[in-house]
Amino acid sequence: MQHDLFSTNGGSEPISLGAQSGLLRGFALPLQDQLLDAIQDIALEAPWRQLFTPGGKPMSVRTTNCGTWGWHSDRQGYRYVAHDPHTGKPWPQLPELLQQLARRAASQLGFSDFEADACLLNCYEPGAQMGLHQDRDEQSFAAPIVSVSLGLPAQFLWGGTQRNERPARIELLHGDVVVWGGVDRLRFHGVAKLAAGKHPQLGAQRINLTLRHAGN
DNA sequence: AAGTGTCA
DNA sequence: CATC
């Protein structure tokens with residue numbers, strides 16, 4: 001039987017996080033097995049690695065990328081690079097599965113024709129976190145950000161356009177997708193220190209996929 | 001600078 | 001708030 005990969009949550013409404021942002025609870029669940037396979041393949045080609053902030057401090061997550069552009073951080077700063085500094089090779093191709101998932105999710109929030117050219121993969125183990133920040137290394141902020149959560153639950157910190165606004169805490173579960181763009185595109189966000197736990201598929205980790213249009 | 005440590 |  002022919003079935004719609006997105007049917008599980010195709011009819012559910014986004015949980016609003018702002019005028020042009022929302023949480024699509026469980027949106028990626030129908031694709032979970034294919035997503036985990038794709039992540040494994042990506043990590044074989046572009047291994048997980050620990051990045052350093054420009055200040056020289058190690059980040060607590062492990063990172064890799066796929067797509068035309070990969071986000072990288074070191075003492076030179078934050079930037080997108082076309083080649084993996086670890087291997088010298090181009091980043092693995094962005095799987096069509098992921099491209100379509102991101103396009104469908106963006107469409108649910110009113111962003112048509114989203115075309116990701118970068119996917120940052122962050123792996124959190126218990127204790128790992130991501131401080132409040134803006135995604136502002138992309139060449140244009142016209143396209144939204146699409147974030148896919150897999151594995152252990154996390155508290156998403158969802159702030160305002162100004163750093164001093166106290167962020168809301170939103171629990172993100174395996175299969176959840178968050179989309180933000182337009183007036184919400186530069187909102188500060190982060191992830192609270194991951195609590196210990198074991199996920200049936202992923203064990204003691206959370207993997208987040210962040211899809212972006214980084215180039216021209 | 002998406003970091004941590006420190007001070008109020 | 002300091003930090004190649």
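So you know, we letter chains A, B, ... as the sequences are listed, proteins then strands, and number each from 1.
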With heavy atoms under 4.0 Å as the rule, sort [X] into base, sugar-phosphate or nothing.
X: A:Leu51; answer: nothing
X: A:Gln129; answer: sugar-phosphate
X: A:Gly77; answer: base

State whether the number of non-hydrogen atoms from other residues, nucleotides or ligands found under 6.0 Å of [X] atom [atom1] is greater than 12.
X: A:Glu45; atom1: CD; result: yes
X: A:Gln50; atom1: CD; result: yes
X: A:Gln93; atom1: CD; result: no

For atom [atom1] of [X] and atom [atom2] of [N], their distance in whole Å:
X: A:Phe188; N: B:dA2; atom1: CZ; atom2: C1'; answer: 11 Å
X: A:Gln76; N: C:dT3; atom1: CD; atom2: P; answer: 18 Å
X: A:Leu121; N: B:dA2; atom1: CG; atom2: P; answer: 20 Å
X: A:Met130; N: B:dA1; atom1: CE; atom2: C1'; answer: 12 Å
X: A:Asp135; N: B:dA1; atom1: CG; atom2: P; answer: 15 Å
X: A:Asn208; N: B:dA2; atom1: CG; atom2: C1'; answer: 13 Å
X: A:Lys193; N: B:dA2; atom1: NZ; atom2: P; answer: 19 Å
X: A:Met59; N: B:dT4; atom1: CE; atom2: C1'; answer: 13 Å

Between A:Trp48 and A:Ile207, is any pair of side-chain heavy atoms under 4.5 Å apart?
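They are in contact (side-chain heavy atoms under 4.5 Å apart), so the answer is yes.
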Can you tell if the side chain of A:Ser73 reaches within under 4.5 Å of the side chain of A:Phe52, non-hydrogen atoms only?
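No; the side chains remain at least 4.5 Å from each other.
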Which of the following nucleotides, B:dG3, C:dC4, B:dA1, is nearest to the side chain of A:Arg75?
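When the side chain of A:Arg75 is considered, C:dC4 is the closest of B:dG3, C:dC4, B:dA1.
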Check this one for me: any side-chain N or O of A:Arg163 less than 4.0 Å away from OP1 or OP2 of B:dA2?
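For B:dA2, OP1/OP2 do have a side-chain N/O of A:Arg163 under 4.0 Å.
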If we call it a pair only when both distances are under 3.5 Å in a Watson-Crick or G-U wobble match, what pairs with B:dG3?
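Partner of B:dG3: none found under 3.5 Å.
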Hey, does the side-chain of A:Asn122 have a donor or acceptor N/O within less than 3.5 Å of a partner on the base of B:dA2?
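Counting by modelled atom types and ignoring angles, no donor-acceptor contact under 3.5 Å is found here.
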